[in-house]
Amino acid sequence: MYYVVVFLVRVAYAIWYNIKVEGRENIPKKGSFIFASNHRSYADPVLVVICGRGKFSFMAKSELFENKAFGWLIRALGAFPVERGKGDTAAIDRAISRVKEGTHLLIFPEGTRSMTGKVGRGKTGVALIAAKAETDVIPVGINFEGKLHFRSKIIVRYGKPIPASQFAMADDLSDRDMLRMLKRNVVPPIMDGIKALVDEPEEASVTEETETEKELT
């Protein structure tokens, strides 16, 4: 059922959007991995899944499952619910177990969608999953301009795997030391890997802003 749904959604997205995939050769053909992506829209999980290789699983906020049709679709694509802002440790444990059972895990380290197209700060909770799963992390960059619409050009880029050895943690760390280690050793390489794949919009210069203001006065 999973691969049938992925195929049908892939066809539908190919008709609706103009999708280009880059770096798919960076996804190993064997093994399960964590895919860490920037977050621009509700279509992001679907894009990473249908453009990737293998079977995926990903967390989705519980509210998305309230619509029965949409809830069925994302479940079929590998989603499972998480209660955001409530320290849902069961969802974290489920995410880690999915990877160890042989399923790719898709995560969004920013924790929320970017409204500007720029990559935000990574969350330590997501970094904890990457560290405890003990598997390589594949960075993903989703690129498009403005808001998604019919025939929007989308580029999905997969980077080279970041070795799990970079996320190794000692077993006897206190909670405070673990938090520091995650911020120092786990979050930066994941976010740097994502940023390298994202075409961030350039900020207007002060001169350009001044000229625009003059035209309006």
Side-chain angles (χ1 to χ4, degrees), residues 5-27 34-53 56 58-67 69-71 73-74 76-79 82 84-85 104-123 126 137-160 187 190-217:
V5 174
V6 168
F7 173 77
L8 294 175
V9 174
R10 183 180 290 136
V11 171
Y13 267 53
I15 294 172
W16 190 257
Y17 299 119
N18 177 13
I19 303 175
K20 180 180 179 181
V21 182
E22 298 178 357
R24 197 165 183 266
E25 68 276 6
N26 291 322
I27 305 175
I34 291 177
F35 287 68
S37 174
N38 64 318
H39 201 3
R40 295 283 310 278
S41 72
Y42 287 121
D44 296 343
V46 179
L47 288 167
V48 177
V49 170
I50 65 174
C51 294
R53 176 188 290 126
F56 282 80
F58 58 93
M59 294 187 207
K61 61 181 181 180
S62 57
E63 293 85 350
L64 294 178
F65 293 87
E66 293 175 0
N67 181 302
F70 187 69
L73 175 62
I74 58 177
L77 290 173
V82 59
R84 296 197 307 177
H104 298 317
L105 175 68
L106 170 59
I107 58 177
F108 297 100
E110 297 164 277
T112 187
R113 288 176 294 145
S114 169
M115 298 293 105
T116 64
K118 290 184 174 292
V119 179
R121 297 176 61 183
K123 305 293 185 181
V126 177
V137 174
I138 298 176
V140 185
I142 299 173
N143 300 272
F144 57 84
E145 294 184 1
K147 294 184 178 180
L148 289 179
H149 54 79
F150 179 64
R151 299 311 294 167
S152 282
K153 182 179 180 180
I154 304 172
I155 301 176
V156 181
R157 296 191 180 111
Y158 297 91
K160 293 183 178 180
V187 174
I190 292 176
M191 301 314 297
D192 288 346
I194 294 173
K195 289 178 181 178
L197 302 170
V198 175
D199 300 326
E200 294 192 337
E202 295 182 1
E203 295 181 354
S205 66
V206 175
T207 302
E208 291 173 337
E209 291 175 352
T210 303
E211 291 298 321
T212 302
E213 290 173 359
K214 287 180 179 180
E215 292 175 2
L216 296 174
T217 56

**Prompt:** side chain to side chain contact (heavy atoms under 4.5 Å, CB included) between Ile34 and Ile190: does it pass, once the steps are laid out?
**Reply:** CA-CA 11 Å; Ile34 291 177; Ile190 292 176; over 6 Å; no
**Asked** Stepwise, does the side chain to side chain contact (heavy atoms under 4.5 Å, CB included) test hold for Arg53 with His104?
**Response** CA-CA 9 Å; Arg53 176 188 290 126; His104 298 317; 5.6 Å; no
**Message:** Pair Met59, Phe108 - check side chain to side chain contact (heavy atoms under 4.5 Å, CB included), show working.
**Reply:** CA-CA 9 Å; Met59 294 187 207; Phe108 297 100; over 6 Å; no
**Request:** Check step by step if side chain to side chain contact (heavy atoms under 4.5 Å, CB included) holds for Phe35 and Val49.
**Result:** CA-CA 10 Å; Phe35 287 68; Val49 170; over 6 Å; no
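Within the 4.5 Å cutoff, side-chain heavy atoms of Ile74 are placed close to those of Phe65. A 4.5 Å side-chain heavy-atom check between Lys123 and Ile107 finds every atom pair outside the cut-off. Annotation: side chain of Leu106 is not in contact with side chain of Val140 (no heavy-atom distance under 4.5 Å). Counting heavy atoms from C-beta outward, Cys51 and Ile19 have side chains that approach closer than 4.5 Å. Within the 4.5 Å cutoff, side-chain heavy atoms of Ser37 are placed close to those of Ile142.
Summarising the geometry of Ile50 relative to Arg10, their closest heavy-atom pair is O-NE, 2.8 Å, with the distance given to 0.1 Å. Of all non-hydrogen atoms in Tyr17 and Ile154, the two that sit nearest each other are CG-CD1, 3.7 Å. In this structure, Asn26 and Gly159 approach most closely via the heavy-atom pair CB-O, 3.2 Å. Minimum heavy-atom separation, Gly52 to Ile27: CA-CD1, 4.0 Å. Contact record, Pro139 with Leu197: O-CD1, 3.3 Å, taken as the closest heavy-atom pair. Taking each heavy atom of Asp44 and His39 in turn, the nearest pair found is OD2-ND1, 2.8 Å.
Annotation: the span from Asp199 atom CG to Arg157 atom CZ amounts to 4.0 Å, rounded to 0.5 Å. Considering CZ of Phe144 and CD1 of Ile155, their distance stands at 12.0 Å, rounded to 0.5 Å. The distance from the CG atom of Asn143 to the NZ atom of Lys153 is 10.0 Å, given to the nearest 0.5 Å. Taking CG of Leu8 as the start and OH of Tyr13 as the end, the distance is 13.0 Å to the nearest 0.5 Å. Between the CZ atom of Arg121 and the CE atom of Met191 there is a distance of 10.5 Å, given to the nearest 0.5 Å.
A distance-only check finds a donor-acceptor pair linking the side chain of Glu200 to the backbone of Val119 [under 3.5 Å]. The backbone N or O of Val21 sits nowhere less than 3.5 Å from a side-chain atom of Tyr158 that would complete a donor-acceptor pair.
Within a 6.0 Å radius of CD in Glu145, no more than 12 heavy atoms belonging to other residues, nucleotides or ligands are found. Counting non-hydrogen atoms of neighbouring residues, nucleotides and ligands closer than 6.0 angstrom, the CZ atom of Arg151 exceeds 12 such neighbours.
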